Amino acid sequence: ASYSRIKEVDDKVQAFLTLDEEGAREQAKKLDEALESDDTRGLLFGLPAGIKDNIVTNGLRTTCASQLLSNFEPVHNATVINGLENAESVTIGKLNMDEFAMGSSNENSGFQTTRNPWNIEYVPGGSSGGSAASVAAGEVTFALGSDTGGSIRQPASYCGVVGLKPTYGRVSRFGLVAFASSLDQIGPLTRTVEDNALVLGEIAGHCKKDSTSADVSVPDYLSSLIGDVKGLRIAVPKEYLGEGVNEDVRQRVLEALKVLEEQGATWEEVSLPHSQYAVAAYYLLASSEASANLARFDGVRYGVRAKNPNNLIDMYKETRSNGFGDEVKRRIMLGTFALSSGYYDAYYKKAQKVRTLIKQDFDKIWEDYDVVIGPTAPTTAFKVGEKIDDPLTMYANDILTIPVNLAGVPAISVPCGFSEGLPVGLQIIAKPFEEGTVYRVAHAYE
Ligand code: GLN
């Protein structure tokens, strides 16, 4: 059913970069055969899954949507893929994204631009645009994405699906191709909150192969879905409903708060005063980390190598010049500059200090409130081509998702109505390791 849906719609949606029909059928057959001797089923038994193409899959091409990795076949699985295999889902294929997860629209893919299933003239968001679009278009039951500065939540919002960025350290990053290691997290995109909780339960947990993975036990997320929010204290940052937020988006969020109020929650306006510096700090920090992480793509160890270089330096240069797209080059140059001697204190170190202030803004909120709520993005999806020539406007679009990554806290985007035919997303943020609270609120609202 999954493959016939893909055949039906994917030439329009263009969510998939690689399909593995043979492998998937084999995987499914094995699951069926195993039932003959043992009738127990994994929690995700037989469910078709799509995987963002920066998560490595053993023997299955993993490109990060970069020409540089167009022929890269990993020799092992990411920890999350092993988690899914244990839970007995079936991997259908690999999903499009912005190259190396840098972007907010999927237009930075080195292969194709995924389209928003609600209206194919619009972007699906990014960088996990393929993941969000494949779930919204009914091609798979769930998908995995990654979120460094909003890349799960913003496309979930634009495509009208549920997307969760877990607490930093909750899900292993082993086998996630690193963009900005201090911010990256893998998380699920699904059609319902319940599905999301189910998938997170199977991919979360301590992993010895990721030194930043947290040794914290994984609760039963499904038991958080109690269907009520009585007594819950909600903080609504005035910065999240202020200037730059579209009027329809603001209205949908206020309507959602009303629904939660009717169910016994209370809300108050608060301030996250340093949010205004989040975008600037993030683009310095993420680019700095990316400039170091992407140094490994030298033409020797992975992917496509320059054809006829004159010498070693020439080989590096040609491989990287031909292999990386414009946005990736822009980030490497910005990051290298910010880390260079003489500029480090003024840019990188300053941005780290701002990051601490942003985290402290949230810490202060948790003294009096259980969750922070606002929109996921200031607008609904924009048109393909509308922002691609203006990187700063594209970056500014991440203003409501980035603070969450800088603070390391968990957050979800859940659909909350429409504006002119396009979905609006409600963002729910909680304390570190309180994914259960995020799910409880999202489920009660949904
Ligand atoms: N849009 C942001 C960026 O381009 C977020 C990316 C992400 O979360 N991977 O960096």
Side-chain angles (χ1 to χ4, degrees), residues 16-20 23 50-82 91 93-103 106 108-112 126-128 130-131 144-146 148 151 171-186 207 209-212 286-336 339:
F16 279 92
L17 289 176
T18 307
L19 287 168
D20 182 26
I51 309 295
K52 187 177 183 180
D53 212 19
N54 58 352
I55 298 172
V56 303
T57 39
N58 192 3
L60 182 60
R61 188 173 84 125
T62 301
T63 68
C64 296
S66 180
Q67 286 294 340
L68 200 146
L69 292 178
S70 55
N71 63 358
F72 173 52
E73 277 191 13
V75 291
H76 68 275
N77 273 336
T79 300
V80 292
I81 300 297
N82 291 334
T91 298
K94 304 300 292 286
L95 292 158
N96 196 27
M97 53 186 281
D98 288 291
E99 186 178 6
F100 288 105
M102 297 171 184
N106 255 248
N108 295 336
S109 166
F111 298 102
Q112 64 203 35
S127 65
S128 313
S131 304
L144 296 186
S146 70
T148 305
S151 278
V171 174
S172 171
R173 291 184 299 108
F174 179 74
L176 170 67
V177 179
F179 161 15
S181 319
S182 77
L183 301 159
D184 300 339
Q185 269 292 292
I186 296 171
C207 169
K209 291 176 179 158
D210 170 4
S211 62
T212 61
S287 302
S288 296
E289 293 188 33
S291 73
N293 276 326
L294 270 59
R296 78 193 58 179
F297 301 108
D298 54 6
V300 177
R301 286 170 285 186
Y302 312 90
V304 179
R305 183 178 301 175
K307 287 268 167 343
N308 295 306
N310 296 322
N311 54 45
L312 186 66
I313 298 294
D314 195 38
M315 194 275 288
Y316 293 153
K317 227 195 224 167
E318 240 189 83
T319 299
R320 290 167 67 86
S321 301
N322 299 337
F324 290 142
D326 288 350
E327 183 61 27
V328 174
K329 287 176 188 161
R330 180 164 25 241
R331 307 263 181 131
I332 292 173
M333 286 191 278
L334 177 63
T336 307
L339 290 175

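None of these values were measured; they are calculated from a predicted model. All residue numbers in this chain count up from 1 along the given sequence.
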Heavy-atom closest pair, residues [X] and [Y]:
X      : Y      : result
Ser128 : Gly145 : OG-CA, 3.7 Å
Arg305 : Val300 : NH2-O, 3.3 Å
Leu95  : Gly130 : CD2-O, 3.6 Å
Leu294 : Met102 : CD2-CE, 3.9 Å
Ser181 : Ala178 : OG-CB, 3.8 Å
Gly103 : Ser151 : O-OG, 4.1 Å

| field | Check against side chain to side chain donor-acceptor pair (under 3.5 Å), Asp53 and Thr18 | value | CA-CA 9 Å; Asp53 212 19; Thr18 307; 4.8 Å; no
For the atom pair [atom1] ([X]) and [atom2] ([Y]), what is the distance rounded to the nearest 0.5 Å?
X      : Y      : atom1 : atom2 : result
Thr79  : Ile186 : OG1   : CD1   : 8.0 Å
Met333 : Ser287 : CE    : OG    : 11.0 Å
Thr148 : Glu289 : OG1   : CD    : 9.0 Å
Asn108 : Ser66  : CG    : OG    : 11.5 Å
Glu99  : Phe179 : CD    : CZ    : 11.5 Å
Asn77  : Thr91  : CG    : OG1   : 8.0 Å

Short side-chain to backbone donor-acceptor contact, [X] and [Y], under 3.5 Å:
X      : Y      : answer
Lys94  : Ile55  : yes
Asn106 : Ser127 : yes
Ser70  : Gln67  : yes
Asp184 : Arg173 : no
Ser182 : Ala180 : no
Gln112 : Phe16  : yes

| request: Assess whether atom NZ of Lys209 is packed by more than 12 heavy atoms of other residues, nucleotides or ligands within 6.0 Å. | output: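 12 or below, so no.
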| said: Please determine whether the number of non-hydrogen atoms from other residues, nucleotides or ligands lying under 6.0 Å from atom CG of Asn71 exceeds 12. | reply: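 Check passes, neighbour count above 12.
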| Within-4.5 Å side-chain heavy-atom neighbours: Val177 and Val56 |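 Of all side-chain heavy-atom pairs linking Val56 with Val177, at least one is under 4.5 Å.
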| With sequence neighbours excluded, what pairs up with Ser146 under the side-chain hydrogen bond (donor to acceptor under 3.5 Å, both in side chains) test? |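 By the side-chain hydrogen bond (donor to acceptor under 3.5 Å, both in side chains) rule, Ser146 matches Lys52, Asn54.
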| field | Evaluation steps, side chain to side chain contact (heavy atoms under 4.5 Å, CB included), between Val80 and Val171 | value | CA-CA 8 Å; Val80 292; Val171 174; 3.4 Å; yes
| Has Arg296 got its NZ or CZ under 6.0 Å from the middle of the six-membered ring of Phe72, at an angle within 45 degrees of the ring axis? |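 No.
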| query | Looking at Asp298, Thr63, Thr319, Val304, which one forms a side-chain contact (heavy atoms from CB on, under 4.5 Å) with Leu68? | reply |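 The residue from Asp298, Thr63, Thr319, Val304 that satisfies side-chain contact (heavy atoms from CB on, under 4.5 Å) with Leu68 turns out to be Thr319.
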| said: I'd like to know whether His76 forms a side chain to side chain contact (heavy atoms under 4.5 Å, CB included) with Phe174, so could you lay out the CA-CA distance, the side-chain angles of the two residues, the decisive distance to 0.1 Å, and finally the verdict. | reply: CA-CA 10 Å; His76 68 275; Phe174 179 74; 3.8 Å; yes
| said: Just to verify, what does Ser288 make a side chain to side chain contact (heavy atoms under 4.5 Å, CB included) with, not counting sequence neighbours? | reply: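 Ala338, Leu339, Tyr348.
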| field | Plane angle bin for Phe100 and Phe297 - parallel if under 30°, tilted between 30 and 60°, otherwise perpendicular | value |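 It falls in the tilted class, 30° to 60°.
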